[in-house]
There are 2 protein chains.
Amino acid sequence: MRKEESTNAQNEAALIRNCGMAYALSVIGGRWKPNILYCLLKGKMRYNELRKAIDGVSERMLVAQLRELEEFGLVKRIIYPEVPPKVEYELTELGYSTEPMLNMMSDWGNKNREVSLL
Amino acid sequence: MRKEESTNAQNEAALIRNCGMAYALSVIGGRWKPNILYCLLKGKMRYNELRKAIDGVSERMLVAQLRELEEFGLVKRIIYPEVPPKVEYELTELGYSTEPMLNMMSDWGNKNREVSLL
DNA sequence: CAGTATCCGACATGATACTG
DNA sequence: CAGTATCATGTCGGATACTG
């Protein structure tokens, strides 16, 4: 257990640090991240608004992916110290900078997905 | 068993058919696909050349992801009926059309990955 | 309202041995 | 050379119940 066995998770982390593509995929990969990003591109939203806007997402995954986006610095979490609680999520500048990339991917997909379905 | 229970896999498949972003991610997602695509953008390669070029990939995963890329119509598999066997992989036009998207993602990643590591 | 905690199954990936 | 077959493992994500 003490040995220098580099785990897969560690290798992945190293990859993400060193490779732009891996980093980009870690940011927009994951089942719900693109969807979250798209929602927030339209403006800040509350937790429950996101839940309703994103069809099928569970609380667990929504929180998890929001936290990851926060760690990566794409999303700001704004907590209003009230009762009942109110939390808003908003894109940072870095978050907004993903828009052209997201659009390009989406456009490429929409243009070409019919091709392989003929 | 006959019931209309839609599995996760089925839902995913439906998503991929209907959403450009999901389709794009299904094409370039996966641990090795971007790497494979980058290799093949430089020109056609044999199976073993790919193995050597892509550090750390197992035979199992290389074959699996090549097959997926083939299904999506991004990669052509060229079999030479010789002994010993010779197989080359080459991008289709659709495969080459991913280049701008891949570059954009890679560039975005390289530009921004330092940001979140400060 | 905005989350946590817990459990669980499905799937992606890895390691290794074998084959036409 | 270019794969298959088999087994093992860990992570992702879903369902559900609970909480400050």
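In what follows, every chain begins at residue 1, and chains take the letters A, B, ... in the order their sequences are listed. Every value quoted in this text rests on a predicted model; they were computed, and no experiment measured them. Values below: all heavy atoms of this structure, side chains included; hydrogens, waters and symmetry mates excluded.
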Identified stems (criterion: three or more consecutive Watson-Crick or G-U pairs, under 3.5 Å), DNA chain D
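In DNA chain D, stems of three or more pairs: C:1-20 with D:1-20.
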Send over the distance from [X] [atom1] to [N] [atom2], rounded to a whole Å.
X	N	atom1	atom2	value
B:Ile79	C:dG20	CD1	P	17 Å
B:Arg31	D:dG10	CZ	P	17 Å
B:Ile16	C:dC11	CD1	C1'	14 Å
B:Glu88	D:dC1	CD	P	14 Å
B:Glu82	D:dC1	CD	C1'	10 Å

Check: [Y] and [X] side chains under 4.5 Å, non-hydrogen atoms:
X	Y	value
A:Tyr80	A:Val87	no
A:Leu102	A:Leu41	yes
B:Trp32	B:Leu66	no
A:Thr92	A:Val75	no
A:Thr98	A:Lys33	no
B:Gln65	B:Leu62	no

Which atom pair, heavy atoms only, marks the closest approach of A:Ala24 to A:Met101?
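Of all heavy-atom pairs spanning A:Ala24 and A:Met101, the closest is CB-SD, 4.4 Å.
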What parts of residues 40-68 of chain B reach DNA chain D, counting only heavy atoms under 4.0 Å away?
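Heavy-atom contacts with DNA chain D come from B:Arg46, B:Tyr47, B:Asn48, B:Glu59, B:Arg60, B:Val63, B:Arg67.
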It should be established whether A:Arg77 places a side-chain nitrogen or oxygen under 4.0 Å from OP1 or OP2 of nucleotide C:dG3.
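Checking C:dG3 against A:Arg77, a side-chain N or O does come within under 4.0 Å of OP1 or OP2.
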If you compare every side-chain N and O of B:Tyr89 against the phosphate oxygens of D:dG3 (OP1, OP2), does one of them come in below 4.0 Å?
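For B:Tyr89, the contact criterion (side-chain N or O under 4.0 Å from OP1 or OP2 of D:dG3) is met.
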Do any N or O atoms from the side chain of B:Arg113 and from the backbone of A:Arg17 form a donor-acceptor pair under 3.5 angstrom?
yes
Which pairs would a plain distance check flag for residues 45-53 of chain B, meaning a side-chain donor or acceptor within less than 3.5 Å of a matching protein atom at least two apart in sequence or in another chain?
| residue | atom | partner | partner atom | Å |
| --- | --- | --- | --- | --- |
| B:Glu49 | OE1 | B:Arg46 | N | 2.7 |
| B:Arg51 | NH1 | B:Glu59 | OE2 | 2.9 |

Starting at the 5' end of DNA chain D and moving along, which residue's nearest nucleotide shows up first, A:Pro85 or A:Trp32?
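In this pair, the answer is A:Trp32.
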